[in-house]
Amino acid sequence: MVKNDLIYELEKECLSGRSIPIDHMEVEKESLRRVPAFIKEKDYQQLMLIVDKNTKEAAGNKLMEYLKEAKIDVEVMVLPEDRHGHAIANEETMMQVFVHTSPSVDCFLAVGSGTIHDITRFVSSKMKVPFISIPTAASVDGFTSRGAPIILQGVKKTVQTSNPVAVFADLNVLKEAPRKMTAAGFGDMIGKVTSILDWNISYLIGGEPYNELAANITRQALEKCVEHIDELERNEEHGIEVLMEALIQSGLVMLVLDYSRPASGGEHHLSHYWEMDLLKKDEKQLLHGAKVGVATAIISDLYKMYLQEPALLALTDHPEWKERLLEFGTTIQEQVEQIPDSDEIKGWLQKAGGPVDPKEMGISEELVQASLNEAYHLRDRCTGLKLINVSTQTDIVYPI
Ligand SMILES: [Zn+2]
């Protein structure tokens with residue numbers, strides 16, 4: 001079940017009686033077939049389906065067929081591609097969607113992976129029109145969240161937009177997705193190994209907001225994915241179902257809390273840093289989750305090396321952190337010891353069929369080293385990465 005009891009509990013705890021504004025969620029075979037009934041129930045009259053060339057083939061055409069059978073009017077927008085063959089969530093693409101969308105459209109259908117969802121959720125939120133999420137790959141945990149990472153004037157920014165009104169994740173479609181997309185979704189989940197730890201550090205040391213139940217839900221989702229890694233390795237339906245449900249659950253936790261802390265720590269900061277570098281150089285973008293998975297192994301090495309005795313960190317310019325570190329150092333040390341080491345993380349990534357180190361993705365050691373020393377500036381969060389950076393006199397050297 002996508003929305004499990006713990007998520008209901010989290011809603012109760014955090015939303016004072018309200019529930020997540022998503023009317024329907026399913027991860028099942030033949031989910032596409034049930035989209036028309038939902039549209040009729042909601043009485044949407046004028047639909048706009050957003051796809052790219054690949055996702056049109058993967059699910060868009062079939063969905064259009066079902067909508068046509070149900071006599072539902074739908075227009076289609078095939079997103080333009082950059083010179084690397086990717087749809088990009090930037091001003092140009094979004095402007096094109098605005099230009100092609102009739103003012104009478106009353107619901108969007110995002111048919112694709114993360115980027116197509118980001119473009120759709122941005123436009124739908126600006127037009128104050130709902131959208132339905134139809135993931136074509138279990139590739140990222142952002143389907144249900146409100147944050148849309150978009151590129152504005154060449155710089156990536158996360159803009160708060162809106163969540164989908166429904167999610168129809170068709171297992172038949174997800175199973176046919178390219179292996180590297182599913183591996184990227186697994187990488188995004190593996191990122192929780194260090195993001196949950198970082199969240200606890202930001203709470204214990206930085207005094208930032210924290211929620212034990214949310215941390216537990218995210219941890220359970222992660223553990224379930226790891227338990228089912230063999231099925232994922234064989235691209236079995238159940239493995240993909242478990243992964244997709246975990247990704248949605250991680251996204252729901254962010255949606256309830258209205259921040260991304262449980263799902264994004266130092267590993268995401270490294271990944272963002274690499275992404276910005278590729279963007280500057282106009283090089284081909286890499287899958288979000290692929291970068292996150294690889295970065296998780298690096299952060300694990302870093303923390304196991306520098307946070308063995310957290311109380312020893314200098315933190316000269318942050319006396320209030322130092323004080324808390326003296327109090328909670330042992331707790332953090334124990335948590336660092338408990339996270340899997342880089343070899344174990346790489347073993348899982350390899351089984352999932354994704355890259356295991358930066359070299360495999362074409363990311364240089366220099367860039368990794370630069371990110372280890374600079375990426376903590378990207379977010380104002382008290383992560384382990386930040387504690388290490390503000391304590392060390394010399395640069396962190398990579399390989400660690
Ligand atoms: Zn992520």
Side-chain angles (χ1 to χ4, degrees), residues 89 110 112-119 121 133 135 137-151 156-161 163-164 167 169 177 180-199 202 214-215 217-219 221-222 224-226 243-276 278-279 285-300 339 345 348-349 352 354-355 358 361 363 371 375-376 378-379 381 383 385:
S113 60
T115 307
I116 291 178
H117 276 71
D118 294 333
I119 295 164
R121 85 171 83 239
S133 157
S139 57
V140 76
D141 71 355
F143 294 114
T144 47
S145 66
R146 285 198 189 110
I150 51 175
I151 298 157
K156 192 162 173 162
K157 291 218 168 81
T158 298
V159 181
Q160 283 303 309
T161 60
N163 54 274
V167 183
K180 61 174 187 181
M181 305 282 287
T182 313
F186 181 77
D188 207 14
M189 279 315 295
I190 283 301
K192 312 320 173 210
V193 163
T194 46
S195 68
I196 298 170
L197 168 63
D198 265 338
W199 191 21
S202 71
I217 298 170
T218 310
R219 189 178 297 111
L222 159 68
K224 212 165 166 203
C225 286
V226 173
L243 173 62
M244 190 68 205
E245 290 196 351
L247 290 167
I248 292 180
Q249 283 159 0
S250 169
L252 290 178
V253 168
M254 289 190 269
L255 185 62
V256 175
L257 298 177
D258 211 18
Y259 55 74
S260 63
R261 281 185 176 82
S264 164
E267 75 298 322
H268 271 71
H269 301 164
L270 294 193
S271 157
H272 292 323
Y273 191 93
W274 302 345
E275 188 169 349
M276 275 161 38
L278 295 174
L279 209 63
Q285 281 298 335
L286 302 164
L287 290 167
H288 167 78
K291 291 187 295 251
V292 168
V294 166
T296 305
I298 297 171
I299 291 282
S300 171
I339 63 166
I345 293 170
W348 293 329
L349 293 173
M361 294 190 294
I363 290 185
S371 66
Y376 77 96
L378 293 176
R379 282 275 157 85
R381 282 182 195 172
T383 58
L385 184 61

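In each ligand, atom 1 is the first atom listed, and ligand 1 is the first ligand listed. Below, each value reflects all heavy atoms present in this structure, side chains not excepted, and no hydrogens, waters or symmetry copies.
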- Item | Results of ring pair (Phe, Tyr, Trp, His ring centres under 6.0 Å) for Tyr376 - residues two or more places apart only | none

- What pairs with His117 under ring pair (Phe, Tyr, Trp, His ring centres under 6.0 Å), at least two apart in sequence or on another chain? Phe143

- If every non-hydrogen atom of Thr144 is compared with every non-hydrogen atom of Leu252, which pair is closest and at what distance? OG1-N, 3.5 Å

- How far apart are the closest heavy atoms of Lys180 and Leu287, and which atoms are they? O-CD1, 3.5 Å

- Task: Indicate yes or no: at least one non-hydrogen side-chain atom of Leu378 is less than 4.5 angstrom from one of Tyr273.
- Result: yes

- Identify which protein N/O/S atoms are less than 2.8 Å from the Zn ion (ligand 1). Asp188 OD1, His268 NE2, His288 NE2

Return a table of donor-acceptor pairs under 3.5 angstrom between the side chains of residues 253-265 and protein atoms on other chains or two or more places apart.
residue : atom : partner : partner atom : Å
Ser260  : OG   : Arg381  : NH2          : 3.1
Arg261  : NE   : Glu208  : OE1          : 2.9
Arg261  : NH2  : Glu208  : OE1          : 3.1

